[in-house]
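To start, the structure under review is shown below, and the notes come after it.
Here the structure is a predicted model, which means the values were calculated and not measured. Quick note: numbers below take in every heavy atom, side chains included, and nothing from hydrogens, waters or symmetry partners.
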Amino acid sequence: MAVAFLDQEQSSQELDLEEITRKISFLDKWREIFSYHRLGTNNTASQNHEGSRVSADKSEDGSGTPQPKRHGLLPSSGPCSTPKPSIISSKSNSFPISLAMATKLRQSLFGNTVYVFSCDWKKACFRFHDPFSDLAFALEVGKGGAQSVQMAVQGLIIKHLLFTREEKDCNFHSLCAISKQEQRQALAAALAGTLWAAGDAQKATVCLVTEDPQVTLTPDDAGDNFTERLQLFEVLEKEAAEKFIYDHLQCFSGEGSHGVILFLYSLIFSRTFERLQKDLDVSTIHLLQPNAGGFLCRQAVLNMVLTGRASPHVFNGCQNGKSQEILHGVPARSDIGYLQWGKHTSEDGLSQVGSMLKTPKLPIWLCNINGSYSVLFSTNRQLLADWKAERRFDLHLYGGQPFQKKPARLTVDTHSHHWESDQPEEEHGPGRRCSPVEMAIRTKWREATINWNGTVPFF
């Protein structure tokens, strides 16, 4: 009798649980309907039910490796809501994403179709500091894997503001005197120029988010209510691409826009899957790698932003790997360079930055310092064209840290010796402990002394 009573009670609990699950599923469906038709549901409430999908926000086993989420979990609330549909002026020369394209896109990024972007990626966009300020030229940069893409684009923005704009003075003060409109123009030029280079100067593809899903994913694929709504716009002229992005800039810079992800998608589609596979090699078969519950960009992503080509390595040209396989480096000088230094950086030739990136066409460098990204730049366009200019010069450093209210000015002296300097030995001498920034600079100018001009070294 007692056994029968327990069985009946357990059956009743299971029915209650099923009823609750059914009601939750029913509520989620209505939330999506209200979200798509804009009937008053806000972004937070319209998040998709993640059920068995994979997210890198938190690992289920605490290992930092993304794990499949358990069935029946409620969708999380917060800043990682799905983006609002783009206000698109015209859908001419465009087409919706297909299931095959969405699958290839996921495989190119993650190596599978079950991962989705983590929360730090979803929050990341391209947003400037206040105009007419010490950081008017600078993007607000968050934490996580998207930081490297934001900083690479930051270098392209500086390139436009200092060396591309016509009838503008090439000096540091001009960077701090830009207006809101000039910020928008610089961002549009930077994004369009990158997509155009990735398209081999033939075509740029821009991805925007539409209102309705374009594809229906299989039960084995992870959905994010974002990738499924992509509309792809093909532009056949660089100037037209810049205008198109300028007209839809809110899609990349607005809060909750998923702007960095949208740009990364556009970059891959501009490059095309065929070119991307030719760029990569056996050392890199997809573009992102899981790390501490999120995703970091592999070198191929950064090289694609800087050069238009998804080369997996930083050395010049091609080299043979350990098994004699051909590995792909950077084939030509880029407009913007790259420097790296880390405590545990390997000294093998594969990890050493070659002259194509160390000596770019313009004096701007994306720096990877112990896994954190910053931008070093000079306002002297001829710095790398005249050896006399490299005797003593200033570099400006922007690292995106919240405490940084203006760029640091570093004076680099490539010919001085500590015994010739008027400064105390503890400031410039060999016994002084060098900051990681200085070590990164010395990978380009060996044994140079660096004066922070009153700024406390950071990084």
Should the pair F244 and H248 be assigned to parallel (<30°), tilted (30 to 60°) or perpendicular (>60°) ring geometry?
-> tilted

Inspect the contact between D247 and K243 and indicate whether a charged nitrogen and a carboxylate oxygen are less than 4.0 angstrom apart.
-> yes

Take Q107 and T113 through the side chain to side chain contact (heavy atoms under 4.5 Å, CB included) test and state the conclusion after the steps.
-> CA-CA 6 Å; Q107 290 175 339; T113 60; 4.0 Å; yes

Just distance, no hydrogens or angles: give the donor-acceptor pairs under 3.5 Å from side chains in residues 375-382, sequence neighbours left out.
unit_1 : atom_1 : unit_2 : atom_2 : d
S378   : OG     : N380   : N      : 3.1
N380   : OD1    : Q382   : N      : 3.1
R381   : NH1    : F163   : O      : 3.0

Test item: N93 and L236 side chains (from C-beta on) under 4.5 Å apart, heavy atoms = no

Centroid-centroid under 6.0 Å between F110 and F117 rings = yes

Mark yes when over 12 heavy atoms from residues, nucleotides or ligands other than K159 sit less than 6.0 Å from its NZ; otherwise mark no.
-> no

Please list, one pair per line, the donor and acceptor atoms closer than 3.5 Å that link side chains of residues 393-408 to other protein atoms, with sequence neighbours excluded.
unit_1 : atom_1 : unit_2 : atom_2 : d
D394   : OD1    : T411   : OG1    : 2.8
D394   : OD2    : R409   : NH1    : 3.2
Y398   : OH     : H129   : NE2    : 3.3
Y398   : OH     : L139   : O      : 2.6
Q404   : OE1    : G399   : N      : 2.9
Q404   : NE2    : L397   : O      : 2.9
Q404   : NE2    : K406   : O      : 3.4
K405   : NZ     : P402   : O      : 3.4

Are the side chains of T205 and S270 in touch, meaning some heavy atoms are under 4.5 Å apart?
-> yes

Determine, for Y246 and R184, whether the Lys NZ or Arg CZ falls below 6.0 Å from the six-membered ring centre while staying within 45 degrees of the axis.
-> yes

I285 CD1: over 12 foreign heavy atoms closer than 6.0 Å | no

Heavy atoms, side chains only, cut-off 4.5 Å: are S108 and L276 in contact?
-> yes

Determine whether L357 and S334 make a side-chain contact, defined as any pair of heavy atoms from C-beta on separated by less than 4.5 Å.
-> yes

Stepwise side chain to side chain donor-acceptor pair (under 3.5 Å) test for Y373 and Q154 = CA-CA 11 Å; Y373 290 85; Q154 177 68 76; over 6 Å; no

In this structure, are over 12 heavy atoms from other groups packed under 6.0 Å from R298 atom CZ?
-> yes

Run the side chain to side chain contact (heavy atoms under 4.5 Å, CB included) check on C297 and V149 step by step: do they pass?
-> CA-CA 8 Å; C297 290; V149 177; 3.7 Å; yes

